[in-house]
Protein chains: 2
Amino acid sequence: MEARGQAVAPSLIGQAGIIDDFGLSLGVLLRAYHAMVASVLEHVPQGPRGYQTLAAVARGNQPSQLALAGCLGIDRTVMTYLIDDLVAAGLVERQLNPADRRQRKIVATPRGISILEDAERAVREAEDRLLGALDRDQRADFRALLRRAACAVGDVGDVGAAGIPCAD
Amino acid sequence: MEARGQAVAPSLIGQAGIIDDFGLSLGVLLRAYHAMVASVLEHVPQGPRGYQTLAAVARGNQPSQLALAGCLGIDRTVMTYLIDDLVAAGLVERQLNPADRRQRKIVATPRGISILEDAERAVREAEDRLLGALDRDQRADFRALLRRAACAVGDVGDVGAAGIPCAD
DNA sequence: TATTGTTATACTCTATAACTATA
DNA sequence: TATAGTTATAGAGTATAACAATA
């Protein structure tokens with residue numbers, strides 16, 4: 001509802017040497033990703049973030065909410081609300097760790113697993129639509145390069161020494 | 001200051017089949033980008049966003065704040081504050097368009113151009129550090145694929161018909 | 001009547017601090 | 001004393017609505 005006349009130009013990204021900014025492209029792509037997967041994640045609370053958390057719960061093996069928050073790069077206070085919503089939706093459960101009763105181990109319910117599997121398919125399709133300008137090989141290349149780059153930056157900083165190395 | 005013991009794992013991204021999420025990788029990379037360039041853009045108000053706006057002002061030729069906002073994908077109300085700060089820093093000026101006195105054409109000052117040129121070099125170096133896990137050819141590939149993908153999503157929706165086609 | 005720019009307001013997301021319980 | 005989790009509060013960032021000036 002914004003670009004009506006000819007006054008408002010479309011994105012300048014990629015327009016032959018006018019503006020070709022890496023950060024802007026990254027931001028545009030992430031925003032478009034959020035918009036696209038949001039419409040596909042109606043059964044998952046908190047959209048992409050809830051989906052990523054559910055996937056980390058089901059596919060990973062994190063012993064606590066804190067560990068979960070750490071590996072997703074979000075705050076532990078945010079994780080509380082996130083888990084609250086996932087529990088309310090019946091997708092995960094909080095289990096007390098008998099060995100250390102301060103920790104809550106988050107496990108996916110059967111329903112959570114089922115929803116996740118559907119969501120993974122739908123998200124994958126949305127991603128391919130998002131990368132529609134690239135052909136199959138280019139999409140695969142882009143995914144691989146993105147993964148490698150993100151993996152490397154995820155390892156910098158305070159982790160590293162004690163950290164599990166990024167299996168490339 | 002978070003991962004001390006062995007309880008908190010580093011990012012799960014890329015860890016051999018545990019979690020390999022496109023959206024998570026994109027988010028991680030953008031956050032790291034923001035952190036990296038922020039430390040490099042001390043002379044540019046509003047960090048990456050101010051930098052992108054300054055670049056759009058200097059490199060593009062947008063007739064109004066609204067056009068500027070449109071091509072950067074931000075709200076016109078945000079653009080007002082952004083321009084306010086860039087003007088206060090002496091990097092751009094508001095010029096009234098005599099042909100349509102509702103519009104303000106934003107132009108870069110000599111100081112703005114100078115700051116921009118320095119910033120562009122510094123940002124480029126920061127980007128290469130960010131993509132340090134990729135070699136030279138891979139970085140070039142990644143930049144090109146990212147640009148093409150972002151360009152395509154930037155063109156969808158309300159623009160398109162009236163829009164300038166994305167010069168690929 | 002519609003559009004540009006501004007201002008004020010509200011809403012969302014995230015970060016900080018304080019608290020409880022466990023160790 | 002330190003850590004896991006929760007809650008409350010505050011701060012960014014962003015979106016919505018109302019307004020003045022101009023077309």
Side-chain angles (χ1 to χ4, degrees), chain A residues 1-9 23 27-28 30-31 34-35 38 45-50 52-53 57 62-88 92-106 158 162, chain B residues 1-9 23 27-28 30-31 34-35 38 45-50 52-53 57 62-88 92-106 158 162:
Chain A
M1 307 300 120
E2 206 162 36
R4 207 113 33 172
Q6 34 69 273
V8 176
V28 165
L30 184 58
R31 255 182 298 172
H34 279 144
Q46 305 270 357
R49 182 137 288 181
Q52 289 162 12
T53 304
V57 167
Q62 300 301 316
S64 65
Q65 293 185 192
L66 191 57
L68 213 46
C71 75
L72 291 173
I74 64 183
D75 197 83
R76 60 176 180 164
T77 65
V78 176
M79 184 55 69
T80 297
Y81 305 127
L82 211 38
I83 301 292
D84 283 349
D85 288 358
L86 291 173
V87 168
V92 306
E93 282 178 357
R94 284 186 172 96
Q95 288 182 357
L96 265 130
N97 179 359
D100 185 341
R101 287 170 45 201
R102 292 173 302 183
Q103 297 184 346
R104 279 116 179 85
K105 164 119 181 167
I106 310 302
D158 12 340
Chain B
M1 311 299 118
E2 207 162 37
R4 207 113 33 174
Q6 34 69 276
V8 176
V28 165
L30 184 58
R31 254 182 298 172
H34 279 145
Q46 305 268 356
R49 182 137 286 184
Q52 289 162 11
T53 304
V57 167
Q62 299 302 315
S64 66
Q65 294 184 191
L66 190 58
L68 212 45
C71 75
L72 292 172
I74 64 182
D75 198 84
R76 62 178 178 163
T77 65
V78 176
M79 184 55 70
T80 297
Y81 305 127
L82 210 40
I83 301 293
D84 283 350
D85 288 358
L86 291 173
V87 168
V92 305
E93 283 177 357
R94 282 186 173 96
Q95 288 181 357
L96 264 132
N97 179 0
D100 186 339
R101 287 170 46 199
R102 291 173 303 183
Q103 296 185 345
R104 279 115 179 87
K105 163 121 182 164
I106 311 301
D158 14 342

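Numbers restart at 1 for each chain; the letters A, B, ... are given by sequence-line order, proteins then strands.
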Measuring to OP1 and OP2 of C:dT14, would you say a side-chain N or O of A:R49 lies under 4.0 angstrom away? yes

Answer yes or no: is there a side-chain heavy-atom contact under 4.5 Å between A:M79 and A:L72? yes

Do the side chain of A:R102 and the base of D:dG5 come within less than 3.5 angstrom through a donor-acceptor pair of N or O atoms? no

Let me know the distance between CD1 of B:I74 and P of D:dT14, rounded to the nearest Å. 8 Å

Integer-rounded Å distance: C:dG5 C1' and B:K105 NZ: 17 Å

Are OP1 or OP2 of D:dT6 and a side-chain N or O of A:T80 less than 4.0 angstrom apart? yes

Give one of base, sugar-phosphate or nothing for A:R31, where a contact means two heavy atoms less than 4.0 Å apart. nothing

In DNA chain D, stems of three or more consecutive pairs, Watson-Crick or G-U, each with both distances under 3.5 Å, turn out to be C:1-23 with D:1-23

If you compare every side-chain N and O of A:Q65 against the phosphate oxygens of D:dT6 (OP1, OP2), does one of them come in below 4.0 Å? yes

Any side-chain N or O of A:R94 below 4.0 angstrom from OP1/OP2 of D:dT6? yes

The side chain of B:S64 is closest to which nucleotide in this list: D:dA8, C:dT6, C:dG5? C:dG5

Taking N and O atoms by type only, does the side chain of B:R104 place a donor or acceptor under 3.5 Å from a partner on the base of C:dG5? no

Between B:D84 and B:R94 (salt bridge meaning N to carboxylate O under 4.0 Å), is one present in this structure? yes

For B:L66 and D:dT22, give me the distance from atom CG to atom C1', rounded to whole Å. 15 Å

Side-chain atoms of B:D75 come closest, of D:dA15, D:dT7, C:dG5, to D:dA15

Could you please name the option among C:dT6, C:dT16, C:dA23 that lies closest to any side-chain atom of A:R101? C:dA23

